Asker: 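Input: one structure, supplied below.
Keep in mind the model is a prediction, meaning the values are calculated, not measured.
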Number of protein chains: 2
Amino acid sequence: MATMKDIANKAGVSQATVSRVMSDSSSVSQKTKAMVMEWVRKLDFEPNYSARALASSRSYLICLVLPDVMNPYFADIIYHVEKIASFNGFNILLCNSDGDPKREVDILKSLKSRQVDGVLIGFSDNHSPAIKILRDSELPTVVITQFHEDFDCVAVDHYAGGEMAARHFMDQGAEYFIYQGHTDDDKFRGYYNTLKDAGIPEDRLDIMDLGHVWYHTPQRAHKAYRRALEYLQNRKYDSKTGVFSYNDLSAFGFIHAVQDMHLTIPEQYSIVGFDDTFMCQVMRPTLTSIAQPKEEIGQLAIKYLLAKIDKKVDTGRESFLLTPRLVQRETT
Amino acid sequence: MATMKDIANKAGVSQATVSRVMSDSSSVSQKTKAMVMEWVRKLDFEPNYSARALASSRSYLICLVLPDVMNPYFADIIYHVEKIASFNGFNILLCNSDGDPKREVDILKSLKSRQVDGVLIGFSDNHSPAIKILRDSELPTVVITQFHEDFDCVAVDHYAGGEMAARHFMDQGAEYFIYQGHTDDDKFRGYYNTLKDAGIPEDRLDIMDLGHVWYHTPQRAHKAYRRALEYLQNRKYDSKTGVFSYNDLSAFGFIHAVQDMHLTIPEQYSIVGFDDTFMCQVMRPTLTSIAQPKEEIGQLAIKYLLAKIDKKVDTGRESFLLTPRLVQRETT
DNA sequence: CTGTTAGCGCATTCAT
DNA sequence: ATGAATGCGCTAACAG
């Protein structure tokens, strides 16, 4: 590995001049610049990041902390973030918190010593102790997926998503409504409030709580399936029913239960998932789902973070609330 | 951020002693060690990685280069690799080559200047120009997923996988065989040779080439579906047929075509996918698939790489060929 | 426009 | 067992 010193010797200039050429900041004459660049090419020189980071406390490293890198939703985010980051000369340090606040704390503590330039994080929990650590670190940060008042955020309007599902069901003529998922969630609130405001009586809304986990496993679908089967077996009501699920995987579970009970989709049961994962298009029947603009989330988050790092943005808190979109398919 | 100097001042020792305590290598008296550690705790000291890397050329950074981080198969690998790496004090630098040799080359060129300690890579192509660069860099490297004679590898025996599919079909009484995918692949060879050796005439094997891409998109399934539909519409043969697909997504495409033609699974068409992604359990009918031991691949690869970095392993080339496993479900 | 100098925080060699 | 000194490769004043 050639160093600036090597280049300087060959080109007959000082090491500082080589540094100037590389950062092409301050003034360097065209002639010496050309000289230096020639040797940079000849010796295939690339500046040492560790040395640069040590001297300038700029590592060109962005840490991406996610609760579950296996989840296709986050995998999408990783892809778009990495793409733009690398395009701008930054590398991604990927950390999986596993939805565990302890791991999250450890990760964030290590960031300062890694001298990362910025952090992109999806918290495992909005009350994670990691939050204080991150705030105290004063690292440029952008929170993705959820909101947190202490940070700049790029999130999706889950409330609006719930609203969309509710309206869609009513448009389709549903008279009874089910929600699959935990109720401490904006998408539930949007769903519930919209139905209530439309005059739907409370006894026409059933809630099937499946607990909340980040893990993206087939067990999710199984659990939803079994709960749904049990539910359908004991059910007498037969007007058109809308089923809104907190994620696609659980929606598939419900679909299978409906099929096993020889009920019809979408005539008797109209189903809407959440996330619009690629499975929605692959499954039969194809699943109507609320799509989160994953590409936009990732791109916006990393672009905003890079701008913050470059001090191009610093006017206090700024958050982006992206609107989801209902993608209609065969289940409705 | 406290530095060793700060600790040294507080503890009344030299910075060198603090360094010794932190690396707990050379001899330090119990007393001074305790003193130092106390201040390390009090000041919440953590060594600066950039400085350490610069001085010792050890970054505790592992670069994971993958062709498609969105693919669930690789997402699994990322998860297991990150887990073990972080447990051992290493961080993961994640790079997506997008299956593009040019990007791959750029990534690998940058690794030296990043001073990464090791590389875990899944090549976009076994003839990628990136290979020479990586070889010349002399960085500790482990290649995952595929084989390459110039590197240590952790791969899966695709040939055996094809063999398993072939035998499985014959056991089920299939008389006609289809292969979906590109034929320049060991899983095809294993499939083909096994059938041939069993006396199956060549005209009983159809190949449906879908091209080879890393990208994991629903379009894959659509393409497979349309090709399969067209194929089935023109088909007269009606003995039991085994369909072996080079990945699960394409297998689903075939399944849908069979369903649309009102043919039966597994009576008329017996289908086996590859990868055993979680969709196999979620889809109806559930898909029989050749499972790659993803967890084992990831764990073995990173463990072996860490051992190489620690110079605990250096006895020439060593490669691991893991055996896949057929998971039978409803499609066979 | 360019060279000199002084660190950045740590590992490491050489003394003691 | 420990301190002093040196250098890793680069950035950032400070001179000129």
Asker: So, for A/Gly118 and A/Leu305, which heavy atoms are closest and what is the spacing to 0.1 Å?
Answerer: C-CD2, 4.1 Å
Asker: Sorted by first residue and then second, give each salt bridge (Lys or Arg N to Asp or Glu O under 4.0 Å) pair with at least one member in residues 103-112 of chain B; sequence neighbours left out.
Answerer: A/Glu82-B/Arg103
Asker: Per the end-axis method with five pairs at each terminus, what is the bend angle of the helix from C/dC1-D/dG16 to C/dT16-D/dA1, to 10°?
Answerer: 40°
Asker: I need the NZ-C1' distance between A/Lys31 and C/dT2, as an integer number of Å.
Answerer: 13 Å
Asker: Answer whether the closest heavy-atom distance between the side chains of A/Ile302 and A/Lys83 falls below 4.5 Å.
Answerer: no
Asker: Tell me, please, which residues at least two apart from A/Asn9 pass side-chain contact (heavy atoms from CB on, under 4.5 Å).
Answerer: A/Lys5
Asker: Do B/Asp117 and B/Lys308 sit within salt-bridge range, that is, some charged N less than 4.0 Å from a carboxylate O?
Answerer: no
Asker: Has the side chain of A/Asn96 got a donor or acceptor atom that lies under 3.5 Å from a matching backbone atom of A/Val69?
Answerer: yes
Asker: Please check the phosphate of D/dT11 (OP1 and OP2 only) for any side-chain N or O of A/Ser19 closer than 4.0 Å.
Answerer: yes
Asker: Which heavy atom of B/Ser59 sits nearest a heavy atom of B/Tyr49, and at what distance?
Answerer: O-CD2, 3.8 Å
Asker: Identify, residue by residue, the members of residues 3-16 of chain B with a heavy atom below 4.0 Å from DNA chain D, and return them in order of residue number, or none.
Answerer: B/Gly12, B/Val13, B/Ser14, B/Ala16
Asker: With sequence neighbours excluded, give me every salt bridge (Lys or Arg N to Asp or Glu O under 4.0 Å) pair touching residues 39-49 of chain A.
Answerer: A/Glu38-A/Lys42
Asker: What is the separation between atom CZ on B/Arg20 and atom P on D/dA1, rounded to the nearest whole Å?
Answerer: 10 Å
Asker: Between P on C/dG9 and CZ on A/Arg114, what's the gap in Å once rounded to a whole number?
Answerer: 17 Å
Asker: For DNA chain D, determine which residues of residues 43-60 of chain B have any heavy atom closer than 4.0 angstrom to one of its atoms, and list them numerically.
Answerer: B/Leu54, B/Ala55
Asker: Taking atom P of C/dG9 as reference, at what distance in whole Å does atom CE of B/Met1 sit?
Answerer: 9 Å
Asker: Donor-acceptor check, side chain of A/Asn71 to backbone of A/Tyr73, threshold 3.5 angstrom: yes or no?
Answerer: yes
Asker: For residues B/Leu322 and B/Leu300, determine if any side-chain heavy atom of one lies less than 4.5 Å from a side-chain heavy atom of the other.
Answerer: yes
Asker: Donor-acceptor check, side chain of A/Gln146 to backbone of A/Asn126, threshold 3.5 angstrom: yes or no?
Answerer: no
